There are 2 protein chains.
Amino acid sequence: MSHTLGLRQAQKQKTRQALLEAALELLEGQSLSSLGLREVTRAVGVAPTAFYRHFRSTEDLGVALVEEALGSLHPMIRTIVSTAGDSDERITRAVELIARHVDAYPSHVRFIAREQHGGVRPVREAIRNELARFTEEVKAALVTDPMAEGWSDDDLLMLAGLYVDQMLIAASLFLEALEGPEEERQRVTRLAARRLRLISIGRAHWLD
Amino acid sequence: MSHTLGLRQAQKQKTRQALLEAALELLEGQSLSSLGLREVTRAVGVAPTAFYRHFRSTEDLGVALVEEALGSLHPMIRTIVSTAGDSDERITRAVELIARHVDAYPSHVRFIAREQHGGVRPVREAIRNELARFTEEVKAALVTDPMAEGWSDDDLLMLAGLYVDQMLIAASLFLEALEGPEEERQRVTRLAARRLRLISIGRAHWLD
DNA sequence: AATTCCGGAGAACAGTTGTTAACTGCATGG
DNA sequence: CCATGCAGTTAACAACTGTTCTCCGGAATT
């Protein structure tokens, strides 16, 4: 299946990746809808027209970025939901993993947070679809928990969505705290953990 | 106090308002960081240079839009938190009010959702500050509730933030459902209500 | 009634944008 | 080894951008 790409295609994917990375960096200070194609090629050190060999437009590039950014998030969600331990331990571990992910891929997180409600429809939809897949995955993990007994499918999906949204909010808060003092990070950690704890308590008493 | 503005200043505020409204409309299809000053003046039917009489830049205009958009939201929050009745009634009423607000000011909601994490720092900060004020207000309302007995200040702020974020998420969902079928709006209504209900349950058992 | 103030218009600027066409050189497949 | 394919280049285009300076006309002030 995985042919060792020819020299030709290898070089192509290399500049394609360079374009994506340059775009991600430029997007730290603006939104996708204002990102110019020339701006990106200039940052890479390539002719403007080379852009068209890889993407039809910056919109197109944005959609590709969604896959890349949320692709890196996918394994993390798996790790979080498959963590063992009691409720508090799992929450602490989840927040910790989120913080670490933001440290590792800050521009990915920024891009998703920014473009989730951004000005480019196809990108918004790509993010929405991808997040819906995450939510389904979280829901599937919740079903296996004995606590899920008696829960309707709809309610489980609601809970999963609540968790996913909280994770995104937490990630966004960690991002803002990235260049701040360590104490700010600690504050965010505690806040996010307490939010998740309250949701877990609500979950435990949902069927009362 | 309220002088009837001179003809001069009245006309000025009129075109200023026209600029804000035109910008808000243009921002339905893009982000603030890609909004051009000429674009706005063209939509109003005024010379590009007239823009400078009112704003230093589109960033400046964006900050002004934050006040306008969240100003309209302020009284709604007051209404929600001051509503009487048991938990379920209050939740139903709150979701209803949110839906109605989105119907009345869709572009305001869109602007806030989009620029909360958007590419223009001063605007992000203005939104963050304004939302923090809302959260404080919600917290102040929560304190008056007998259920708040034994709660720490920090936990109350956490809960208030949770509520505010959920309201914003609900508003954003209603916005997406605006041009969709009625059944989609109903789905969002039920989803938002159940989310708030779960949070309220968690709140009721927080001190266990 | 004369003077100042000021919101807006007009023209011009240098710089940027997306897109087109025709090209070059090198890896690829016959 | 030769012919084809194709990633990237070069040059040029019309259209657009933010910003400056100069000016106009009418409201505001005295």
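Chain naming here is simple, since letters A, B, ... match the order of the sequence lines and numbering starts at 1 in each. Note that the structure is a prediction, hence the values are computed from the model and not measured. Quick note: numbers below take in every heavy atom, side chains included, and nothing from hydrogens, waters or symmetry partners.
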Which part of the nucleic acid does B:Arg16 contact within heavy-atom distance under 4.0 Å: base, sugar-phosphate only, or nothing?
nothing
Rounded to whole angstroms, how far apart are CZ on B:Phe55 and C1' on C:dG8?
15 Å
Among D:dT20, C:dT17, C:dG8, which is the nearest nucleotide to the side chain of B:His54?
C:dG8
Nearest-Å distance, NZ (B:Lys12) to C1' (D:dA27)?
14 Å
Find the distance A:Gln13:CD to D:dG8:C1' and express it as a whole number of Å.
16 Å
How close or far is atom C1' of D:dG26 from atom CD of B:Gln11, stated in whole angstroms?
11 Å
By nearest heavy atom, map B:Gly6 and B:Tyr52 onto DNA chain D; which one lands nearer the 5' end?
B:Tyr52
Starting at atom NZ of B:Lys14, determine the distance to atom P of C:dG8, rounded to an integer number of angstrom.
11 Å
Comparing A:Gln9 with B:Ala50, nearest DNA chain C nucleotide closer to 5' gives the residue B:Ala50
Side chains of B:Arg203 and B:Asp145 in contact at under 4.5 Å (non-hydrogen atoms)
yes
D:dG8 OP1/OP2 closer than 4.0 Å to side-chain N/O of A:Thr15:
yes
Which whole-number value in Å describes the distance from B:Arg42 CZ to D:dA15 P?
13 Å
Which nucleotide in D:dG8, C:dG25, C:dC5 has an atom nearest any side-chain atom of B:Arg8:
C:dC5
Assess whether a salt bridge exists between A:Asp155 and B:Arg197, defined as any Lys/Arg side-chain N lying under 4.0 Å from an Asp/Glu carboxylate O.
no
Of the nucleotides C:dG7, D:dG8, C:dA27, which has the atom closest to the A:Arg53 side chain?
D:dG8
Could you check whether A:Glu96 pairs with A:Arg93 (Lys NZ or Arg NE/NH1/NH2 to Asp/Glu carboxylate O, under 4.0 Å)?
yes
Measuring from atom CG of B:Asp154 to atom CG of B:Leu159, what distance do you get when rounded to the nearest 0.5 angstrom?
12.5 Å
In whole Å, I'd like the distance from the CG atom of A:Asp60 to the P atom of C:dG18.
14 Å
Distance-only donor-acceptor test (3.5 Å): side chain A:Arg38, base C:dT19
yes
From the options D:dT17, C:dA9, D:dA7, select the nucleotide whose nearest atom is closest to the side chain of B:Ala47.
C:dA9
So, A:Ser34 side chain and A:Gln30 main chain: donor-acceptor pair closer than 3.5 Å or not?
no
Does any donor-acceptor pair link the side chain of B:Thr49 with the base of D:dT20 at a separation under 3.5 Å?
no
Using whole Å, report how far CD of A:Gln30 lies from C1' of C:dT16.
14 Å
